[in-house]
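Throughout, protein chains are lettered first and strands after them, A, B, ... in sequence-line order, and every chain is numbered starting at 1. When reading the values below, keep in mind they use all heavy atoms of this one structure, side chains included, and skip hydrogens, waters and symmetry mates.
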Protein chains: 2
Amino acid sequence: MVTIKDIAKAAGVSPSTVSRVVSNHPRISKETSDKVKRIMEEMGYHPNVMAKSLVSKTTRTLAILLPRPAEEMFQDFFFGELLRGILTQSTRAGYDMLLTAATSEQDEIDTVARLVLGRRVDGVILLSSRVNDPLIDYLNERDFPSVLIGRADSSHENMLCVDNDNVQAAFDATRHLISQGHERIGFVSGPPNLTLSHDRMQGYLKALEEAGLKARSEWIVEGEFLQESGYRAMSFIMSLPERPTALVVIDDVVAFGVLRGLTELGYKVPKDLSIVSFNNITLSELASPPISSVDIGTYQLGYTASQLLLRIIQEEPVHQRRIVIPHKLVVRDSSISIAPKRS
Amino acid sequence: MVTIKDIAKAAGVSPSTVSRVVSNHPRISKETSDKVKRIMEEMGYHPNVMAKSLVSKTTRTLAILLPRPAEEMFQDFFFGELLRGILTQSTRAGYDMLLTAATSEQDEIDTVARLVLGRRVDGVILLSSRVNDPLIDYLNERDFPSVLIGRADSSHENMLCVDNDNVQAAFDATRHLISQGHERIGFVSGPPNLTLSHDRMQGYLKALEEAGLKARSEWIVEGEFLQESGYRAMSFIMSLPERPTALVVIDDVVAFGVLRGLTELGYKVPKDLSIVSFNNITLSELASPPISSVDIGTYQLGYTASQLLLRIIQEEPVHQRRIVIPHKLVVRDSSISIAPKRS
DNA sequence: GTGAAAGCGCTAACAC
DNA sequence: GTGTTAGCGCTTTCAC
């Protein structure tokens, strides 16, 4: 392994001079600089990252903290897109990304403690936000540079967030169904401890209320971000004596489960049941029928989060503690009523 | 930031004793150990990762080198599953994962040089293998611990690989179509510089040859791992005066593009064209009709690669330089002939 | 402009 | 069992 000393010796200068050449120190003569650079090239010198960060106290590395259980996330295709957004931005800025997954709740805190207190990374990006998230508490207490993709609950007002307006998004989705003539609309939600589930539920309820429609608790089903979850929700809802004519579904993968179950049972979408969901992954366009979905700007969510985090780390001024990425409802066949239904 | 010295001072021992306690050195008295541990707990001590790796010359970090362009990979849903396999195993072993993407070819070498020569990571996992890959040369020359997910070409015999038997997999897929009565079978391939494309092409050709069927060059189309690529391939093939009755497609996403195009044009699958593809992502089961696909054990591919790499790093004996993960053809509606066709 | 020296936080001989 | 010392590869005052 060739070190700064080896270069110094070969160039007949001191280690500090070599160090200065590497970091483009202003008052270093062009000659020495050129000579040292040539020798570095010849000897294949590369600075030792660990030694550098030991003294500089920065790592030029960010951590991505995967939600637990990570399985769901990976299965959800929009994760790849999110990752791509994060990676593009941070690579461009010269930062590396560390991917970490925790297994248990305790392990989650331990992992982040190791990264934060062990000065392993300069900042973290949190994916998915739960109500009363202990991780957010931990990071907040220590003032560690971090940004959340999602919304922090009210006890964490000063947490940096990149999020969608999920209340509005769900409102829009529900309004759309109402505009198609539906009056009996159900909601298939995700895990109740996620702020995401909570927000979308609010938007759904708000739209119903504004339209003077009543929400019925048996038309609201909670589950996971998994296909099976959609399948189960569908089974339950279709077994009700009084069924909704349309469904707002928390996630495309879940909607796919609903769609699949309906098809198996011989129901037609949108004729028997209309569907609108969220995230607009490739899958939703490819389903048959194609699923109407709210595009949440996944790539931009990741890209912006990474950008915001770097701004904090580099102590640049941050104007807003919460950045809202715009959403857009993409209407497809799954929610277009040919003949609007009446209750 | 609380360091080993602070603990030493507070406990009235020397820094080395604290270091020994941290690393569970055998000959340290239970009393001091307990006392030091208690104080560490109280003061919230966590070892500085950088300082530790500077002296130990290990980082307990592995790099995942994303293929370029990474976009394709991310869009391909099986990437998430692969990542999950890698992450599960390495997290279990106490290693962190660094995710890196390069932009240009030169940048690719620079990136890996920085990681390798800068002692940033202990090993790398390469995703996707190209013919004559300069990265593999680079890593090989320096004897740097690395594992390739895929097959290295013949000039890199000693590269560690975790792979499928892609020749056999494509052979199986093609045989299946032949057994369904097809005699005119086309192949939609991926980028020609990937060993993967090459291997699957070989298997396809071999199956045709064994069955005494002739391969026709206009029935073989190369593209990317993208849906649009499948769409284009479909357009081309369906515009031929003499068309195949079945298609082997390099990847599920591409097959999806083919399927989608066919549906748009009013063709029926499998009646007008049968399809078999590879990877068996969730999508293939969900398509209509569901797509027959070769399951390549994606999770296991990632898990095993990570395991093998750690074995190398820890200098444990490695019995085989190439581990083959078994594949399995999952037959679905897209390739089941009700009425076998004759040319 | 460049060199000498100290130190980042930790580990690992070598003493005793 | 535990302390002392040197040093991992680098940066950064402080001299000159």
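Each of B/Lys30 and A/Val2 was assigned the nucleotide of DNA chain D with the nearest heavy atom; the assignment lying further toward the 5' end belongs to B/Lys30. If you find the closest nucleotide of DNA chain D to B/Ser33 and to A/Asn48, the one lying nearer the 5' end belongs to B/Ser33.
Five base pairs at each end of the helix from C/dG1-D/dC16 to C/dC16-D/dG1 define two local axes, and these are offset by 40° (rounded to 10°).
When the side chain to side chain contact (heavy atoms under 4.5 Å, CB included) test is applied to A/Asn24, the partners found at least two apart in sequence or on another chain are A/Lys37. Listed by chain and residue number, A/Asp165, A/Arg322 satisfy the side chain to side chain contact (heavy atoms under 4.5 Å, CB included) test with A/Val324 (two or more places apart in sequence, or in another chain). With sequence neighbours excluded, no residue satisfies side-chain hydrogen bond (donor to acceptor under 3.5 Å, both in side chains) with B/Glu315.
Heavy atoms of B/Ile28 sit under 4.0 angstrom from primed sugar atoms or phosphate atoms, though from no base atom. At the heavy-atom level, B/Thr32 lies under 4.0 Å from the strands shown only through sugar-phosphate atoms. When heavy atoms are screened at a 4.0 angstrom cut-off, B/Ser53 is found touching no nucleic acid atom at all. Residue contacts for B/Val13: at a heavy-atom cut-off of 4.0 Å it reaches the sugar-phosphate backbone alone, with no base atom in range.
The NZ atom of B/Lys35 sits 9 Å away from the P atom of D/dT2 (whole-angstrom rounding). The distance from atom NE2 of B/His46 to atom P of C/dG9 is 16 Å, rounded to the nearest whole Å. Separating the CE atom of B/Met40 from the C1' atom of C/dC10 is a distance of 14 Å, rounded to the nearest angstrom. Rounded to whole Å, the distance from CD1 on B/Ile4 to C1' on C/dT11 is 8 Å. As a whole-Å value, the separation of B/His25 NE2 from C/dC14 P is 14 Å. Counting to the nearest Å, the C1' atom of C/dC8 and the CG atom of A/Leu54 are 4 Å from each other. Atom C1' of nucleotide D/dT2 and atom CG of B/Asp34 are separated by 16 Å, given to the nearest angstrom. The distance from atom CG of A/Asp6 to atom C1' of D/dC8 is 13 Å, rounded to the nearest whole Å.
Checking the phosphate oxygens (OP1, OP2) of C/dC10, no side-chain nitrogen or oxygen of B/Ser19 falls inside 4.0 Å. An OP1 or OP2 oxygen of C/dG3 is reached within less than 4.0 angstrom by a side-chain nitrogen or oxygen of A/Thr17. Contact check, B/Ser56 against C/dC10: no side-chain N or O comes under 4.0 Å of OP1 or OP2. The phosphate of C/dG9 has OP1 or OP2 within less than 4.0 Å of a side-chain N or O from A/Lys57.
When distances are taken from the side chain of A/Ser29 to each of D/dC10, D/dC8, C/dT2, the shortest belongs to C/dT2. Proximity note for B/Ala51 (side chain, C-beta onward) versus D/dT2, C/dT2, C/dG9: the nearest is C/dG9.
Side chain of B/Arg130 to main chain of B/Leu194: no donor-acceptor pair is present (N/O by atom type, distance under 3.5 Å, no hydrogens or angles). Judged by distance alone, the side chain of A/Ser306 and the main-chain N or O of A/Gly302 form no donor-acceptor pair under 3.5 Å. In this structure, A/Arg120 contributes its side chain and A/Val116 its backbone to no donor-acceptor pair below 3.5 Å.
Among the candidates B/Ile39, B/Val22, B/Asp6, the single residue satisfying the side chain to side chain contact (heavy atoms under 4.5 Å, CB included) test with B/Tyr45 is B/Val22.
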Listing time: all N or O pairs from protein to nucleotides 4-7 of chain C that are below 3.5 Å?
{"unit_1": "C/dA4", "atom_1": "N6", "unit_2": "A/Ser16", "atom_2": "OG", "d": "3.3"}

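Salt bridge absent: A/Lys57 and A/Asp122 never bring a charged side-chain N and a carboxylate O closer than 4.0 Å.
Inspection of the B/Ser29 and B/Thr32 side chains reveals an N or O donor paired with an N or O acceptor under 3.5 Å.
A side-chain hydrogen bond (donor to acceptor under 3.5 Å, both in side chains) check over residues 13-23 of chain B, counting only residues at least two apart or in different chains, returns the pairs B/Ser14-B/Ser16, B/Ser14-B/Thr17.
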